[in-house]
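Everything below concerns the one structure shown next.
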Amino acid sequence: MRAMHAPDHTSPSLPATMPIAGHLDPVPVPRPGLIDGVTPREDGRVDLIGLPRGRIAELFAAAGLDAKAARLRAKQVFHWLYHRGVTDFADMTDIAKAMRPWLAERFVIGRPEIVEAQVSADGTRKWLLRTADKHDFEMVFIPDADRGTLCVSSQVGCTLNCRFCHTGTMRLVRNLTPGEIVGQVMLARDALGEWPKANDTRIGTMAGLDFDDDDEDAASAYTSDGRLLTNIVMMGMGEPLYNFDNVRDALKLVMDGDGLALSKRRITLSTSGVVPMMARCGEEIGVNLAVSLHAVTKEVRDEIVPLNRKYGLEELLKACAEYPGASNARRITFEYVMLKDKNDSDEDARELVRLIRQYKLPAKVNLIPFNPWPGAPYECSSPERIRSFANIVFEAGISAPVRTPRGRDIDAACGQLKTAAERKSRAELDRLAEEKQAALG
Ligand code: SAH
Ligand code: SF4
C-alpha cells in the first residue's frame, strides 16, 4: 500500500522535487519510548506477546525467579500464549495457582485493540486495529473454498510512494513491533474461534514438544486440518522488508511448532523490491516471496514504483533469481497491477515473458485489477485488455491468474487499506506531505 505522499495525485508525472523513495535503507523510524521492541503501556506492565522463549525467560529472571525456574516457566507460558491462545494467566492450569497472580501483576497478554470489525457480502472481513500508543492500522481476512488468507500489516503507513496505492495518503507513523504483527494473527484466531480446544486430541501429542521452524510435517499437519485461517500474506499496510527484524521475529513465532505452528510454505511476504534485504528474507525467514513488479520498463516502473530509481529492474530480477528456496515447486509470485494505457499492452506482456525467461525465474504472475480510489491518477485496464495480457503470459507456459477483487463493499480490497476513520482533508494531506518531505531532507 502506498505511503503518505499526496500532492501529486492528479498528475501522473512525478514532480521534480519528490524525494527518492526509500533513500533511507532500511528506514530508521524514530520510536520514542520504545524499549526492546515492546510498546510501553501506561500501567507499566510488559506485554509478552511478540517475545520469544528466551526473552520471556530473561524477564522472569529479572523479576526474581532463579534461572532454571525462569526457563521452565517461560516454556510453559510460551505454549499457553502462542499455541493455545490463552489471554489470561488464570487459565494457565499447569502453572502453580499462587504464581498466576504474580505473573498478572507484572505482565500482560496483549492483543491489538479492535476499533472496528466489518464483514463484506462476500465473507471478507476487515479489522481496524489500534496499538497501545494509539496508532491505527488494518488487517483483512479473505475466505476461499480451499483456504483462508490473512493479510497482515507490517507498518502504520509506508515510506514508499507507489502511485497507484492508497496507503500513500497516510504518512508513515512507525514500524509495527513483533507483538503487533504476530498479534494480528492471534486476533484473527480469536475472532475465528480457531485456537485448539482443551479436548482436542492433538494437544496431547503437540504440547510440550519442541518443534523447530523446519518441522514442516508437524506444523502443516496441525494447521491445515479444517481450519479457516490457513495462509498468511504480508500484504497489508507497509513495506515488510523496511521492518525486517520485527517481521522476521513475528513470523518465527507464527512458524514455531509450539507457537502458532503455521508452515512457512503457507506464508508469503510481498515486497516492492527492497533488493538488499531479499536474500536475508529467504535465509532468515524462509517464506514464499512475492514481488510487486507492476512494470517491465525502467520508465514506467520508475514512475509507478519510485523505489525502482534506487533498485532497478535488472538488480531486482537478479535478486529474484538468487532468492534462497525458490524452485519450480516454490515459485516467486510477480504481482502486476493492471493500469489502463500505462503497463497493460500486449508488448508489455511479451516483455514480461522475455524477462522471466532471460533470468530463468521460477515464476508465476498475479494480475491485479487496479482498485481505484478518489483522486487516483490511474484507471483500471478493461477486462478485454486484462484477458489479452493474461493469455500472452499463460501461453508462454507461465501461470497468470487474474485476482478477483474481494471485500470492495468494505474497502478491504488491495491497496484500499484505509478507512473512513483515517480519511483526511485535502489541507491535512498537503500538510502531512510537506512534513514528510522535510523529514526526508
Ligand atoms: N509493500 C508491499 C506489500 C503491501 S502492498 C508491496 O508493495 O509489495 C500489497 C500489494 O497490493 C502490492 O502488490 C501492491 O502493489 C498492491 N496494491 C496497492 N495498491 C493497489 C491498488 N490500488 N490496486 C491494486 N493493487 C494494489
Ligand atoms: Fe503501497 Fe507497498 Fe508501495 Fe508501500 S510499497 S506504497 S504498501 S504498494
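Both ligands and their constituent atoms are indexed starting at 1 by order of listing.
Side-chain contact of Asp348 with Ser345: a donor-acceptor pair under 3.5 Å is present, judged by distance alone. No hydrogens or angles considered: nothing links the side chains of Thr131 and Glu180 as a donor-acceptor pair under 3.5 Å. A donor and an acceptor atom, one from each side chain of Thr149 and Asn231, are nowhere located under 3.5 Å apart. Counting only N and O atoms by type, the side chains of Ser154 and Asn243 include no donor and acceptor under 3.5 Å apart.
Under the side chain to side chain donor-acceptor pair (under 3.5 Å) criterion, Arg280 pairs with Glu284, not counting sequence neighbours.
On a distance-only criterion, Phe164 and ligand 1 share at least one N/O pair closer than 3.5 Å. Ligand 1 has no nitrogen or oxygen under 3.5 angstrom from a nitrogen or oxygen of Ile368. Checked by distance only, ligand 1 and His166 stay at 3.5 Å or farther apart across all their nitrogen or oxygen atoms.
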Evaluate side-chain hydrogen bond (donor to acceptor under 3.5 Å, both in side chains) for Thr297 paired with Glu351, printing each intermediate quantity in order.
-> CA-CA 9 Å; Thr297 64; Glu351 178 62 5; over 6 Å; no
Walk me through whether Thr271 and Cys281 qualify under side chain to side chain contact (heavy atoms under 4.5 Å, CB included). CA-CA 10 Å; Thr271 179; Cys281 176; over 6 Å; no
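Heavy-atom proximity to Gly238, at under 4.0 Å, picks out these atoms of ligand 1: 1 (N), 2 (C), 3 (C), 4 (C). Within ligand 1, counting atoms from 1 as listed, the ones closer than 4.0 Å to a heavy atom of Met235 are 4 (C), 9 (C). Of all atoms in ligand 1, numbered sequentially from 1 with element shown, those under 4.0 Å from a heavy atom of His294 are 13 (O), 14 (C), 15 (O). Set against the non-hydrogen atoms of Ser272, the atoms of ligand 2 under 4.0 Å away are 5 (S). Which parts of ligand 1 touch Phe370 is read off a 4.0 Å heavy-atom cut-off, strictly below it: atoms 21 (C), 22 (N), 23 (N). Under a 4.0 Å criterion applied to the non-hydrogen atoms of Thr271, ligand 1 contributes the atoms 6 (C), 8 (O). Applying the 4.0 Å criterion to heavy atoms of Leu160 picks out, from ligand 2, the atoms 5 (S), 6 (S). Residue contact check: Glu335 has heavy atoms under 4.0 Å from atoms 10 (C), 12 (C), 13 (O) of ligand 1. The ligand atoms of ligand 1 that sit less than 4.0 angstrom from a heavy atom of Gly236 are 4 (C). For ligand 2, the atoms closer than 4.0 angstrom to any heavy atom of Gly238 are 7 (S).
Every pair passing ring-ring contact (aromatic ring centres under 6.0 Å, His included) that includes a residue from residues 282-306 is listed here, sequence neighbours excluded: Phe164-His294.
Considering Gly273, Ser292, Cys151, Ser270 only, the shortest heavy-atom separation from atom 2 (C) of ligand 1 involves Ser270.
Not a single donor-acceptor pair under 3.5 Å links the side chain of Tyr378 to the backbone N or O of Met338.
Within the 4.0 Å heavy-atom criterion, both parts of Glu239, backbone and side chain, lie near ligand 1. The backbone and the side chain of Cys162 each have at least one atom closer than 4.0 Å to an atom of ligand 2 (non-hydrogen atoms only).
Salt-bridge annotation for Asp302 and Arg309: absent, with no side-chain N of the basic residue lying under 4.0 Å from a carboxylate O of the acidic one.
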